[in-house]
Structure formats: C-alpha cells, structure tokens
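The block underneath contains the structure these notes are about, expressed in structure tokens.
All of these numbers come straight from a predicted model, not from anything done at the bench. Because only heavy atoms are used, hydrogens play no part in the values below, and waters and symmetry mates are left out as well, while side chains stay in.
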Amino acid sequence: MTVWVRGTVQGVGFRWFTRARALAVGGLRGFALNLDDGRVQVVAEGTRRDCEDLLEWLRSGDTPGEVTGGTEIWDTPRGGYAEFEIR
C-alpha cells in the first residue's frame with residue numbers, strides 16, 4: 001500500500017509517529033518520506049489487515065499535525081524492506 005498524506009504533516013513528527021504505529025501494528029515493512037510538495041508518502045507492506053490498520057490510523061485524526069486528506073493505492077508487495085524506516 002502506498003499513501004500520499006496531505007495537510008500539516010511535515011515538521012510535526014508525523015514520520016516518526018507513523019513508524020511507531022507501523023511497528024505497533026507489527027509485521028509492516030516500508031517507509032515514511034517527506035515530499036517536496038509538503039505531503040508525506042507512506043509505503044507499507046504486510047498483510048492487507050495490517051495495512052488497513054495503519055491506513056485507518058492515518059485517517060483517524062489521532063496523528064501529529066493535521067491530516068486533510070490522503071490518496072492510497074494497493075499493489076502487490078515488492079519486498080526489499082528490512083523494516084519500517086523514516087527516510
């Protein structure tokens with residue numbers, strides 16, 4: 001799953017908390033990355049349910065900053081991630 005999160009999501013610890021949530025869900029690998037246009041890209045690989053859990057949190061309003069929207073796509077996992085990291 002790849003999600004592009006919009007809003008006030010840079011400079012507020014958003015990537016760090018996203019990583020912490022991914023680790024709490026367990027079994028997720030991937031990354032959170034600040035983009036030049038102010039969005040954060042989140043790539044998560046794991047079971048569908050675990051990815052949905054992370055997506056639900058991203059949309060919950062319980063994140064740092066203020067999420068005003070997000071767009072996600074689902075694809076076949078490609079692998080290559082040893083853990084969930086901040087980039």
Item to check | Residue from Val3, Leu33, Thr2, Asp75 passing side-chain contact (heavy atoms from CB on, under 4.5 Å) with Val43 | outcome: Thr2

Checklist entry - How close do Val9 and Val5 get, heavy atom to heavy atom, and via which atoms? => result CG2-O, 3.7 Å

Taking salt bridge (charged side-chain N to carboxylate O under 4.0 Å, His left out) as the definition, give me every residue that meets it alongside [X], ordered by chain and number, with sequence neighbours left out.
X     : result
Asp50 : none
Arg59 : Glu72
Glu52 : Arg48, Arg49
Arg29 : none

Item to check | ring pair (Phe, Tyr, Trp, His ring centres under 6.0 Å) pairs, two or more places apart, involving residues 34-65 | outcome: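 Those involving residues 34-65 do not exist here.
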
Next on the checklist: Under the ring pair (Phe, Tyr, Trp, His ring centres under 6.0 Å) definition, can you give me all pairs with a residue in residues 21-52, not counting sequence neighbours?
Outcome noted: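 Listed once each, the pairs are Phe31-Tyr81.
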
Item to check | Separation between CD of Gln10 and CG of Asp37, rounded to the nearest 0.5 Å | outcome: 8.0 Å

Checklist entry - Mind checking whether Val25 and Phe84 have side chains closer than 4.5 Å, heavy atoms only? => result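 SC-SC contact between Val25 and Phe84 ruled out.
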
Next on the checklist: Do Ile73 and Trp4 have side chains that approach each other closer than 4.5 Å (heavy atoms only, starting at C-beta)?
Outcome noted: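 Contact flag for Ile73/Trp4 side chains = yes.
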
Checklist entry - Take atom CZ in Arg78; do more than 12 heavy atoms of anything else shown fall under 6.0 Å from it? => result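 Open: at most 12 neighbouring heavy atoms sit under 6.0 Å from CZ of Arg78.
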
Next on the checklist: Under the criterion side chain to side chain contact (heavy atoms under 4.5 Å, CB included), I'd like the reasoning laid out for Phe17 against Val12: C-alpha separation, chi angles, the key distance, then a yes or no.
Outcome noted: CA-CA 9 Å; Phe17 278 97; Val12 294; over 6 Å; no

Checklist entry - Are the side chain of Glu45 and the backbone N or O of Gly79 linked by a donor-acceptor pair below 3.5 Å? => result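 The answer is yes, because a donor-acceptor pair under 3.5 Å joins these two groups.
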
